[in-house]
Protein chains: 2
Amino acid sequence: MGITKVDKFEAVINRRAELAKAFAHPARVAILDFLSGKQSCVCGDIVDELPLSQSTVSQHLKELKRIGIIKGEIDGPRVCYCIDGNVWKEAQQHFMETFDKFVETNACC
Amino acid sequence: MGITKVDKFEAVINRRAELAKAFAHPARVAILDFLSGKQSCVCGDIVDELPLSQSTVSQHLKELKRIGIIKGEIDGPRVCYCIDGNVWKEAQQHFMETFDKFVETNACC
DNA sequence: TTTATTAATCGTAAAGTTACGATAAAAAGA
DNA sequence: TCTTTTTATCGTAACTTTACGATTAATAAA
């Protein structure tokens with residue numbers, strides 16, 4: 001099918017999966033890494049940073065915007081992108097909760 | 001195409017994306033959440049926890065095993081699953097580095 | 001030995017993802 | 001106004017993912 005049964009899971013679970021999806025492709029990891037390393041908006045040069053075509057990069061940026069983890073603002077002929085601090089924190093919180101839940105014991109395989 | 005150009009990115013970037021992929025589907029989030037909440041291996045009843053068929057769950061478990069974040073051990077007719085502590089830590093480290101890199105400033109959109 | 005039980009694998013259908021070139025749109029600059 | 005620059009969108013191809021039922025394999029239980 002290729003269709004994820006989102007309606008069968010709780011909203012938190014789905015949101016967690018969606019936020020993880022932002023980081024689940026090397027191009028998006030590279031984009032987010034690039035943006036998070038800057039102290040201000042990045043205008044224009046994201047495509048030059050990636051080994052992919054302009055349309056493909058644009059598609060990945062669209063997906064990141066859909067998830068909400070980045071914001072884009074039109075600045076003349078260019079577009080300025082940056083991390084959305086609130087969603088970034090939301091993601092961080094989700095992952096922290098996830099990782100903190102596991103406590104290793106020796107009762108295991 | 002649907003084929004990710006893994007060869008165009010650094011190994012760290014690709015590994016980071018792969019680890020995120022473990023959390024990028026609600027079924028896998030639910031499985032990992034279930035396993036990380038247990039103090040020992042979970043034998044058998046993962047399928048009952050999920051609103052998906054046995055074969056679909058098995059497929060997700062296979063993917064998680066491929067990534068390395070869970071381990072499976074045969075125990076009679078059942079299989080016991082648990083989180084792989086080392087890979088769990090590896091993922092935690094990757095995400096911590098990722099999230100810590102971004103420092104919010106007011107110079108932005 | 002025969003019969004459950006449990007999980008993996010197979011086959012397959014449907015939908016999603018990734019990628020690119022071409023085209024369109026929008027604004028700046030000549 | 002015309003051209004250039006930049007990004008989004010369209011169209012499309014190829015591959016991947018998700019999902020399920022059916023089957024197989026392996027072990028335990030009767």
Side-chain angles (χ1 to χ4, degrees), chain A residues 1-9 13-14 17-32 34-35 41-67 70-82 109, chain B residues 1-9 13-14 17-32 34-35 41-67 70-82 109:
Chain A
M1 291 167 183
I3 190 161
T4 299
K5 298 201 160 174
V6 160
D7 51 300
K8 303 262 185 173
F9 295 93
I13 299 281
N14 286 321
E18 190 168 61
L19 288 166
K21 211 179 151 194
F23 298 92
H25 188 282
R28 295 196 292 269
V29 170
I31 290 170
L32 292 170
F34 180 61
L35 288 180
C41 296
V42 174
C43 299
D45 37 30
I46 295 176
V47 173
D48 309 327
E49 295 289 321
L50 296 176
L52 297 169
S53 76
Q54 183 268 319
S55 55
T56 302
V57 174
S58 185
Q59 209 169 213
H60 282 296
L61 289 167
K62 192 181 179 184
E63 174 67 3
L64 292 171
K65 270 193 282 185
R66 190 191 62 78
I67 294 166
I70 68 167
K71 292 185 285 189
E73 236 174 40
I74 293 161
D75 171 45
R78 294 159 180 260
V79 179
C80 289
Y81 284 105
C82 65
C109 355
Chain B
M1 289 167 184
I3 188 160
T4 299
K5 296 201 160 174
V6 160
D7 50 300
K8 302 262 184 171
F9 295 93
I13 299 281
N14 286 320
E18 190 167 62
L19 288 166
K21 211 178 153 197
F23 297 92
H25 187 283
R28 295 196 291 270
V29 171
I31 290 169
L32 293 171
F34 181 62
L35 288 179
C41 295
V42 175
C43 300
D45 37 30
I46 296 176
V47 173
D48 308 329
E49 296 289 321
L50 296 178
L52 297 169
S53 75
Q54 183 267 320
S55 56
T56 303
V57 174
S58 185
Q59 210 168 211
H60 282 296
L61 289 166
K62 192 181 179 183
E63 175 65 4
L64 291 171
K65 269 193 284 183
R66 189 192 62 78
I67 294 165
I70 68 167
K71 291 184 285 189
E73 235 174 42
I74 294 161
D75 171 44
R78 293 158 179 263
V79 178
C80 288
Y81 284 104
C82 64
C109 355

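Keep in mind it's a predicted model, so treat the numbers as computed, not measured.
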Any non-hydrogen side-chain atom of [X] less than 4.5 Å from a side-chain atom of [Y]?
{"X": "L50(A)", "Y": "F9(B)", "result": "yes"}
{"X": "F34(B)", "Y": "D45(B)", "result": "yes"}
{"X": "R28(B)", "Y": "L64(B)", "result": "yes"}
{"X": "N14(B)", "Y": "T4(B)", "result": "no"}

Between [options], spot the one nearest the side chain of [X], thanks.
{"X": "I3(B)", "options": "dC15(D), dA8(C), dG16(C)", "result": "dC15(D)"}
{"X": "L52(A)", "options": "dA19(C), dT6(D), dA8(C)", "result": "dA19(C)"}
{"X": "T4(A)", "options": "dA19(D), dA7(C), dA22(D)", "result": "dA19(D)"}
{"X": "V79(A)", "options": "dC20(C), dT6(C), dA8(D)", "result": "dA8(D)"}
{"X": "P77(A)", "options": "dT18(D), dA28(C), dC10(C)", "result": "dA28(C)"}
{"X": "Y81(B)", "options": "dA8(C), dA19(C), dA8(D)", "result": "dA8(C)"}

Checklist entry - Nearest nucleotide by nearest heavy atom, which residue falls closer to the 5' end of DNA chain C, H60(A) or K62(B)? => result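 Result: K62(B).
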
Next on the checklist: Apply side-chain contact (heavy atoms from CB on, under 4.5 Å) to residues V79(A) and I46(A) and explain how you reach the verdict.
Outcome noted: CA-CA 10 Å; V79(A) 179; I46(A) 295 176; over 6 Å; no

Next on the checklist: Check this for me: does any side-chain nitrogen of one of K21(A) and E18(A) sit under 4.0 Å from a carboxylate oxygen of the other?
Outcome noted: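 No.
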
Item to check | dC20(C) phosphate, OP1 or OP2, under 4.0 Å from T56(A) side-chain N/O | outcome: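 Affirmative; the distance criterion is met.
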
Item to check | Neighbour count >12 (heavy atoms, 6.0 Å) for atom NZ, K62(B) | outcome: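 12 or below, so no.
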
What's [X] touching, base or sugar-phosphate or nothing? Going by heavy atoms closer than 4.0 Å.
{"X": "S58(A)", "answer": "base"}
{"X": "E63(B)", "answer": "nothing"}
{"X": "I74(A)", "answer": "nothing"}
{"X": "K65(B)", "answer": "sugar-phosphate"}

Checklist entry - Dot-bracket for DNA chain D, 5' to 3', with Watson-Crick and G-U pairs under 3.5 Å, [ ] for crossing pairs and | for other-strand pairs: what is it? => result ||||||||||||||||||||||||||||||

For [X] and [N], give me the distance from atom [atom1] to atom [atom2], rounded to whole Å.
{"X": "Q54(B)", "N": "dG11(C)", "atom1": "CD", "atom2": "P", "answer": "17 Å"}
{"X": "K8(A)", "N": "dC20(D)", "atom1": "NZ", "atom2": "C1'", "answer": "12 Å"}
{"X": "K5(A)", "N": "dG16(C)", "atom1": "NZ", "atom2": "C1'", "answer": "16 Å"}
{"X": "L64(B)", "N": "dA8(C)", "atom1": "CG", "atom2": "C1'", "answer": "15 Å"}
{"X": "R66(B)", "N": "dT18(D)", "atom1": "CZ", "atom2": "P", "answer": "11 Å"}
{"X": "D48(A)", "N": "dT5(D)", "atom1": "CG", "atom2": "C1'", "answer": "12 Å"}
{"X": "R78(B)", "N": "dA29(D)", "atom1": "CZ", "atom2": "C1'", "answer": "13 Å"}
{"X": "E49(B)", "N": "dT6(C)", "atom1": "CD", "atom2": "P", "answer": "15 Å"}

Item to check | Non-hydrogen atoms of C43(A) and D75(A) that approach each other most closely | outcome: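 In terms of heavy atoms, the two residues are closest at SG-OD2, 4.2 Å.
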
Item to check | Closest contact, heavy atoms only, A24(A) versus A24(B) | outcome: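 For A24(A) and A24(B), the tightest heavy-atom pair comes out as CB-CB, 3.9 Å.
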
Checklist entry - Roughly how far, to the nearest 0.5 Å, is the NZ atom of K8(A) from the CD1 atom of I13(A)? => result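 If we round to the nearest 0.5 Å, I13(A):CD1 and K8(A):NZ are 15.5 Å apart.
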
Checklist entry - Do Q59(A) side-chain and dA8(D) base share a donor-acceptor contact under 3.5 Å? => result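 A donor-acceptor contact between them is absent.
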
Item to check | Contacting residues from residues 19-28 of chain A, given that a heavy atom lies under 4.0 angstrom of DNA chain C | outcome: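 Only K21(A), H25(A), R28(A) qualify.
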
Checklist entry - Would you say the SG of C82(A) sits under 2.5 Å from the SG of C41(A)? => result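 Not so, these two cysteines form no disulfide.
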
